[in-house]
Amino acid sequence: MLSILRAVWTVFLHLFKRKVTVLYPEERPRIPPRWRGRIILSRDPDGQERCVACHLCAVACPVGCIALQAAEDEYGRRYPEFFRINFSRCIFCGFCEEACPTYAIQLTNDFEMSEYHRHNLVYEKQDLLISGTGKYPGYNFYKVAGLSIKGKDKGENENELPPVDVKGLMP
Amino acid sequence: MEDKKLVTVYIEDKPYRVRPDQSMLDACLSLGFDLPYFCWHPAMHSVGACRQCAVKQFKDENDRKGMIVMACMTPAGEGTRISIKDPEAVEFRAKVIEWLMLNHPHDCPVCDEGGECHLQDMTVMTGHAYRRTRFRKRTHRNQYLGPFVNHEMNRCIQCYRCVRFYNDYAGGRDFGVFAAHDNVYFGRQEDGVLESEFSGNLVEVCPTGVFTDRTLKMHYTRKWDLQTAPSVCVHCGLGCNTIPGERYGTLRRIRNRYNGQVNGYFICDRGRYGYEFANSATRIRRPYRITYGKAGEKIENALEEGKVLPHVKSLLQGAKGIIGIGSPRASLEANYLLKKFCGPGNFYAGFSDAEFNLVGRIISVLTGGPVKAPALREVAEADAVFVLGEDVSGTAPMLGLAIRQAVRQKPVEAVIKSGIPAWNDYAVRQAVQNDKGPFFIATSAATRIDSLAEGTFHGAPDDIARLGFAVAAAISPEAPAPDGSLPEAAAGLVPRIAARLREAKRPVIISGTGAGSRAVIEAAFNVAKSLFDSGKDAGLCYVAAECNSIGLGLMGGKSLREAVGAVRENRADTVIVLENDIFDRLSAPEAEALLSARQVISIDHLPNHTVSMAHTVLPAAVFAEGTGTFVSNEGRAQRFYRVYVPAGQVEESWRWLSEFLAASAGAKFFTVDDVQRAMAGELPAFGGVPAAAPPADFRISGLKIPRQPHRYSGRTSIHADVDVNEPKPPADPDSPLSFSMEGFDGRPPSALISRFWAPGWNSVQAVNKFQSEVGGRLRGGDPGQRLIGPAGKEKSLPYFTGIPAPFTRLEGKFLVVPLYHVFGSEKLSALSPPVSELVPSPYLALNPEDAGELGCTEGMEIRLIVEDVFFRLAARLDASIARGVAGFPLGLPGLHGITLPSWGRIGIPPGVREAAEESGEDRA
Amino acid sequence: MGKTVPETIRHLIIVFGVLAVMMSIAAGLIWVERRLLGFWQDRYGPNRVGPFGILQPLADMIKVFAKEDWVPPFADRPVFILAPAIIVVTVLLAFAVVPFAPSISVADLNVGLLYFLALSSLGVYSVALGGWASDNKYALIGALRASAQMISYEVFMGLSLMGVVMLAGSFNLRAIVEAQRRLWFVVPQFFGFVIFLIAGVAETHRLPFDLPEAESELVAGFHSEYSGMKFGLFFVGEYLGITLISALIATFFFGGWLGPLLPPAVWFFIKTFFFIGVFILLRATLPRPRYDQLIRLGWKVMLPLALANLVVTGGIILAAG
């Protein structure tokens, strides 16, 4: 009984405590760098699209809000023909970023994306693609992948030997 | 009751009863154990190359030490005792995969195999997760291998499966392994199109991404994103089972669907790559009617939804007689409803007259004769094969592959007797060397499987038939013998063929409609019956040209020429053409006469000559967009299912016809099951059709079977560009399959398998989990229901006696016979861009001596006149063609509208010879 | 009854005034409660709509009026619609006997206290019918709990007030207030006050006694199926109930309008709002007991306590002569 009264008194005293509420938007919150906000597609250091349309983000997405179609340029470099994220369904879980093998898809610390119409939350590739490398400045997937693309022939990666001469006779 | 032939093996100290004629890897996989492997393939057995299936074998229950052995090279003997989980074996397997991954590139995100990669699965299964090696990876240059297969050699793990399939199993000669040690290279001697018509199977055989589907690459989709449903190939009459995959409303690829009785693990490239006609930009997507403008020009008036039926109804009410033209490429259901709608007297089978008679004869022989029609697997297990008149490698390629296996049966049996188990592939092949079992082939011209044959004969169809009759007479004295002499080459063959067939236990005789000759079909029957009468377990396999030829033949109806008569005599003024181009079946004047009826309604999916002449055109669904039944050449009714709902106002043909029926008679069929029930009740021949697959109300634990894999992605974004509210998935009243990822996620009945997947087995190798034993039947039996079977011995048809006279050359004329090509002779597949790349340009094959007499050389332009139809063709000299015979590649673009074989005249256009001589002089 | 015209007008003014004031207090409480809860939880609470968020009730009202007036197809339609009205009507009727000031009360009943008890028992019909008409298992369980709870707590609610009646010698609320001129009854009737407070919380099924709603187990209890304005009525009914109980605590135990300097009505409202604050503070502090604990507390602790209080009070009055 006394404990109840003490509890009531303790709670009552909170009337005079400092409030923890951050009064957004007058007061801006501090967003940590690994915040999971608006999703972007980054480019590799050469300025090419990093996304190779591997579909892993789409399959990792628990709400199925990512759809894309792969296409290839004339040299065999893969890129998404279209890439769509329906942010009205996105739960910002970050699984897509975790799944991405090329650091292409990244979550940023922008969370201010309210819209009056849901269809304005459907972002296509041109809305997602940024001009920089995002959080991972150095990485270039095609520098480590075995596939040849424009400007990089077979065996030109750092971790590769030159192509085998199939008709050679050396043991 | 237990089979006495079984032996007891111990896996993890638990006893299991297994067949002794298999390896321990077979046994483990059949029992459901997860044991990694690479080089072993259920159709090609063990070579023990990859060392991945290592297990520990123990001498007896007291042996605790054991030794590491390869499961695929260990026979399942009585008391064999192994452990898969033994820590040493587990570590060994992990090491092996680490070695295999040494040079494997960092490619998975851009690799088409990713997500259905056996190497990925096995790497996960063995637990190799981190790369430890610090050395650099070896690389290879790729080759261009044609429009079907993409080559990415860096990914190779040297399992040798590709060469073992391509060369050893499918008999390819332009593919091999080059270089040595860790440099080995699998490819062609130089860039170029792979010659084998089974090259597409490399995609499924390769455990990783060295060989991938090049057509899929053009519109790439991962396996988990494909909406799939069981289907049946429409590009020949064999009825191979397939799995088409769809994404974003277009067909993305075809995969083989294992059916132990029919196609097994492989399908031909025509079936695998012929699908893209379904995505054609020229597809008919909305109904329209034709009106004529002031200047007489045609105007297409689109018929909006809801306006089609009133329009059709008004047409039908004004009609003075309605006839329906069926189609051998439309489903049984569509043909049946057309027959029901027009009345049995007004239903005309959509065959050419010649084919109508041939198919009719085949059905009467298969149902009235004593000999069964073998399934493809039974052909592959035959120990003697005699092909009469049919170029199977052109008209039914998978039959060619089956014959290739049949040719090995006898030598392999001998090897097995010497103590080498059948599964020890390398040893068996070393022992067999080039030995071949009895195989004879008699055709108009050389075929791609001639090199397998012990004896070949090339001649006119009548001579081929006479050879058949002579063989029958040599086997059984009761069979009538041809009078007069056979050509020299044939005469020498007769006793050999007869002797070799008599030695066999399970001979198979193959013929078909390809030669266009009734006598050939009858001769094949006589041979088969003679063998049957002498106590053999003989098979008689007829090749039918199209996917539902036999079904349409069973449906009956009248011949197309009678339909022309009906229109000419004004007995009918309205013609409904079902998925058919009349110009392929009739000569142009006859077709035009038929289509000159007051009203022509064409139901089809792609524009063709008939569609262009129709007054009302209704868009039909292609195979992957509809549900129905095809009857294969062995009389097997097989259900195919709607893979996706097509865009536009496209409907299944049978649904259009059921709407017609509702509009006129009031009786409407709502589902495929309704149609089948009515059909089975009305036409006894189709009594087995409903049993070919579970009905639409079939459920497992109350659940439908999903067409989408449980990992299907993009549900809330695919349509988001159109509408952010997700649409309701389409309903499917015709099947127990649903258009969503929800439903029963386990192993469905065999006729409803939409994909092969099992936990941990994302690649096509998951098929092991769906079979009752590895390489055997699917669990619950292979899908399909046989509609026809042989009559009893007593009731059997007698021997045919209509032996044709020997072929004699006519002065100034040539007997034009049809030739077939894998790519080109079948019309729908030839419309697919990758296949059309490989379609040969039109030619006429002539014997060099005949050509010499005509004064024409290879490639020279010549004129051919057959049945008043005129063709300009390039001459091709072919020594295998008999004199007085000309080979005409029927079905190639522009080469149709004539019935073969038929007599024709060949001329050389004025100026051509001179031009050729001049250019020859120039070169000189 | 020879009443003059100005008197009738005065009565009408009082009637509609009480109605208007009570309704606006109930609405205002939406904001007050959320604000206070916020403060007690180190938050601000609604502070965006109007100055200090004071227009929040208006926004809520616009929202609740604009919502679809949805009746589930499986519900018993007439009862379903009637139920929320009952609670508002009964509570509002109970206000008729509350003396806000010496001259401000709607009805000066001699059995005012009994009238209040009777009407507060009627309130249970609203909850019971609403839950039953919803045809939903959670709603029905909530309704059954509400019925059991209210019947149990009503018993000693009445008993706890009998001490007050004995001291005042009247059931008339005005007389009870007048009897406290010397000493507020909270002093002689401290146990009566505590029991009435607890019973009052239970009668209005407020936390910690909100078991009929208990969202963690019953979704939303008896009003699971309610939405829009009908749900709004339940809400208003609850706040009216809080106000009523607070007003009566002030009347019975804290001398009603009595107080120095300020006008009587102001004193009355100060006291009432203090107890409203206590209600909210209880909600901010106490967790919900288990249902069996609630019933056990009612029958095994509160009822004997109320009876004992009655006996002792009676004894003392008797002894004092």
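Chain naming here is simple, since letters A, B, ... match the order of the sequence lines and numbering starts at 1 in each.
- Residue A/Ala71: no heavy atom, backbone or side chain, is found under 4.5 Å from chain B.
- Using a 3.5 Å distance cut-off with no hydrogens or angles, the side chains of B/Lys137 and A/Asn157 do not pair a donor with an acceptor.
- Applying the salt bridge (charged side-chain N to carboxylate O under 4.0 Å, His left out) definition to pairs two or more places apart or across chains, none involves residues 7-16 of chain A.
- A pairwise comparison of heavy atoms in A/Val63 and B/Thr716 identifies O-OG1, 2.9 Å as the closest pair.
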Dump the intermediate steps for side-chain contact (heavy atoms from CB on, under 4.5 Å) on A/Gln69 and B/Thr221, then the final yes or no.
CA-CA 7 Å; A/Gln69 173 59 52; B/Thr221 306; 4.2 Å; yes

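- In this structure, chain B has no heavy atom under 4.5 Å from any part of A/Ile85.
- One side chain, B/Asn725 or A/Arg118, offers a donor N or O that lies under 3.5 Å from an acceptor on the other.
- With respect to the salt-bridge test (charged N to carboxylate O, under 4.0 angstrom), the residues B/Asp112 and A/Arg78 qualify.
- Aromatic ring pairs are classed by plane angle as parallel below 30°, tilted from 30° to 60° and perpendicular above 60°; the pair B/Tyr220 and A/His55 is perpendicular.
- Of the inter-residue distances, the one linking A/Glu72 atom CD with B/Met218 atom CE reads 7.0 Å to the nearest 0.5 angstrom.
- With rounding to the nearest 0.5 Å, the separation of CG in A/Leu68 from OG in B/Ser713 is 7.0 Å.
- Residue B/Ala720 touches chain A through both its backbone and its side chain, counting heavy-atom pairs closer than 4.5 Å.
- For a residue to count as touching a neighbouring chain, one of its non-hydrogen atoms must lie under 4.5 Å from one of that chain's; by this rule A/Cys61 does not touch chain B.
- Under a 4.0 Å N-O distance rule, the pair B/Arg138/A/Glu160 does not qualify as a salt bridge.
- Neither the backbone nor the side chain of B/Asn103 comes within less than 4.5 Å of any heavy atom of chain A.
- The contact between B/His140 and chain A is made by backbone and side chain atoms together, counting heavy-atom distances below 4.5 Å.
- Between the NE2 atom in B/His106 and the CG atom in A/Leu147 there is a gap of 12.0 Å [rounded to 0.5 Å].
- Here the side chain of B/Asn154 pairs a donor or acceptor atom with the backbone of A/Gly146 at under 3.5 angstrom.
- Identified by a heavy-atom distance below 4.5 Å to chain B, the contributing residues of residues 120-138 of chain A are A/Val122, A/Glu124, in residue-number order.
- Residues A/Phe82 and B/Asp721 form no side-chain contact, since every pair of their non-hydrogen atoms from C-beta on lies 4.5 Å or further apart.
- Atoms CG and CZ, from A/Asn159 and B/Arg134 in turn, are 14.0 Å apart once rounded to the nearest 0.5 Å.
- Only the side chain of A/Asp153 has a heavy atom closer than 4.5 Å to any heavy atom of chain B.
- With a 4.5 angstrom heavy-atom cutoff, B/Tyr248 touches chain A only via side-chain atoms.
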For B/Phe135 and A/Leu161, run side-chain contact (heavy atoms from CB on, under 4.5 Å): C-alpha distance rounded to whole Å, both residues' side-chain angles, the deciding distance at 0.1 Å, then the answer.
CA-CA 9 Å; B/Phe135 300 101; A/Leu161 295 164; over 6 Å; no

